[in-house]
2 protein chains.
Amino acid sequence: MAKHTHPDRLLLAVDCIIIGFLNGQLNLLVTRRDQEPRLGEWSLMGGLVVKGESIDAAAARVTHELTGLENVYLEQFQAFGDVGRTEEERTVSLAYYALVNQESATSQLSEHHDARWVSIRDVPALVFDHNKMVEAALVRLRYRATHEPVAFALLPKKFTLTQLQSLYEAIFDRPIDPGNFRRRLRKMDYLERQNEKDVTTSRKGSWYYTYNAEVYEEMKAAGEEFLLKP
Amino acid sequence: MAKHTHPDRLLLAVDCIIIGFLNGQLNLLVTRRDQEPRLGEWSLMGGLVVKGESIDAAAARVTHELTGLENVYLEQFQAFGDVGRTEEERTVSLAYYALVNQESATSQLSEHHDARWVSIRDVPALVFDHNKMVEAALVRLRYRATHEPVAFALLPKKFTLTQLQSLYEAIFDRPIDPGNFRRRLRKMDYLERQNEKDVTTSRKGSWYYTYNAEVYEEMKAAGEEFLLKP
DNA sequence: CCAAAAGTGTTTACATTACACCCATGC
DNA sequence: GCATGGGTGTAATGTAAACACTTTTGG
């Protein structure tokens, strides 16, 4: 691949679609651009891939810079490389989406950036092709959430099945039958019921559950599939 | 994204997993590298993204250079950007897979490259992380083929349902029941039976079909889903 | 008429849907 | 005791898998 005479070099960036979940809705973390062009406009959090840094590491760094969080769920889903996309310097951008626990992320929001959570259903105009990136991220998230248990990254460690249902309803943007939803969950041994109830939302209280990734890995290794259709 | 002081620049390439189908099996088009490092070793066809060229255009150009074909089905599916992946210069590569009609492609194979079709079940050791790319391409192809009618890109314009079944068996690497397969196809109005039979494979002869993309787009617009589970 | 591939039909098992119903408890 | 969200059960419908069956025609 490497031409040894005058190779064409360009800028390579990552942009992160950072997604949280609060009060029954999915939210997107956006910032104001801190440089030209488009200084001050709403934008995804991004950054250049620097020397000696893998692209996944760049995405983790960018997410960390804004949220303060480590070990965030990140998936690279598309490269955006149309010619005039960033207006000035030719930049190709690798888009990643991140699933974070919104409470933790909010409490650690870096004050160096002017950041804000917006509803995923009401994303403002973003710079460049960032709105397209958000759309593509949601498509990929919906696919991933049906085939793998990634949604738990958006919830606190302990959560109720009602919260989980509400999350899936937000991801797929449609109501889900509680009976059918729960029946499917009942088969998932990696959901572990705690001896503790959330009593803030109802008289009866609802059991807290935790997600056990090890158990899931075992089931996966045994060939069993995760599937939660919308 | 653009730092105006000393931005980090690196090489950006595309690598194409060019897939064909012949005699009941999927095949991969590989070439011998024509430059250092790893001169002469088996490799995917790749090339640098050049100035003023979109990444999709780069993939189309690279595919065209080797196969002579235009308007090839191409899907970008993953960026590979680990630090030492290309050994010398830091290169990030965008992987695309291409679905081509193997007969047409073979007849137009560029003589400037030392190219060869190999069975997808028996891919030789390729340079760098190219074997990983092939694996990832197959995963994506399998997903795409169940949800969208892309498989037709691998077949001639006219094909029999037996050929189509054989193609799906190759993609999913498992036998398919002819009865059930045909029943599902019967509902797909974008498969149009021609007044012509292929009489080379059986006494009875089997009808030729064509794929009508316009009809599919209409059905898609009407909210109907394509789904061909493996 | 028979072999061999093309193509059809039918039964069965299973999963999904829709919805009615019961449970627990603070007020 | 009743309103409220939590949680369960079940009959009906739809789909997919397995496989037996019919069709066609060159030799």
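In this text, all values refer to a predicted model and were calculated from it rather than measured experimentally. Naming convention: chains lettered A, B, ... in sequence-line order (proteins, then strands); numbering from 1 in each chain.
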Residue from B/Tyr73, B/Tyr209, B/Phe226, B/Tyr211 passing ring-ring contact (aromatic ring centres under 6.0 Å, His included) with B/Phe152: B/Tyr211
Nearest whole angstrom, please: distance from the P of C/dT16 to the CG of A/Leu228. 10 Å
Pick out the pairs of N or O atoms, protein on one side and nucleotides 23-25 of chain C on the other, that lie under 3.5 Å.
unit_1, atom_1, unit_2, atom_2, d
C/dC23, O2, A/Lys204, NZ, 3.2

Mind checking whether A/Thr160 and A/Thr201 have side chains closer than 4.5 Å, heavy atoms only? no
To the nearest angstrom, how far is A/Leu185 atom CG from D/dG6 atom P? 14 Å
Do the charged groups of B/Asp198 and B/Lys158 touch, with an N to O distance under 4.0 Å? no
Please assess A/Ser93 against A/Asp15 for the test side-chain hydrogen bond (donor to acceptor under 3.5 Å, both in side chains), listing each intermediate value before the final yes or no. CA-CA 7 Å; A/Ser93 181; A/Asp15 284 307; 2.6 Å; yes
Round to the nearest Å and state the distance from A/Leu227 atom CG to D/dA16 atom P. 13 Å
How do B/Arg174 and A/Trp207 order along DNA chain D: which one's closest nucleotide is nearer the 5' end? A/Trp207
With side chains defined as the heavy atoms from C-beta onward, is the minimum distance between B/Asp114 and B/Thr31 less than 4.5 Å? no
Please report, rounded to the nearest Å, how far the P atom of D/dT8 is from the CD atom of A/Gln165. 13 Å
Angle between the end axes of the helix from C/dC1-D/dG27 to C/dC27-D/dG1, five pairs per end, to the nearest 10 degrees? 20°
Taking CZ from B/Arg182 and C1' from D/dA17, how many angstroms apart are they, rounded to a whole number? 17 Å
Between C/dG9, C/dT17, D/dC19, spot the one nearest the side chain of A/Arg183, thanks. C/dT17
Between A/His130 and A/Ser43 (side chain of the first, backbone of the second, donor and acceptor by atom type, cut-off under 3.5 Å), is there such a pair? no
If I take atom CZ from residue B/Arg184 and atom OH from residue B/Tyr168, how far apart are they, to the nearest 0.5 angstrom? 10.0 Å
How many whole angstroms separate atom CZ of A/Phe181 from atom P of C/dA18? 16 Å
Note, B/Leu154 side chain near B/Asn101 side chain (heavy atom, < 4.5 Å): no
Write down the distance between NZ (A/Lys229) and C1' (C/dT17), rounded to a whole number of angstrom. 12 Å
Judged by nearest nucleotide, the residue sitting upstream toward the 5' end of DNA chain C, B/Thr160 or A/Lys187, is B/Thr160
Backbone of B/Asn180 reached by a side-chain donor or acceptor of B/Asp177 within 3.5 Å: yes
Nearest to the side chain of B/Arg184, which nucleotide is it out of D/dA17, D/dG6, D/dT8? D/dA17
Nearest to the side chain of B/Thr162, which nucleotide is it out of C/dA6, D/dG9, D/dC19? C/dA6
Checking B/Arg33 against B/Trp42: charged group under 6.0 Å from the ring centre and within 45 degrees of the axis? no
Given C/dG7, C/dA18, D/dG6, identify the nucleotide with an atom nearest to the side chain of A/Asp177. C/dA18
Quick one: A/Gln163 CD to D/dG5 P, roughly how many Å, whole number? 15 Å
Measure from the side-chain heavy atoms of B/Asn180 and tell me the nearest of D/dG5, D/dA18, D/dT8. D/dA18
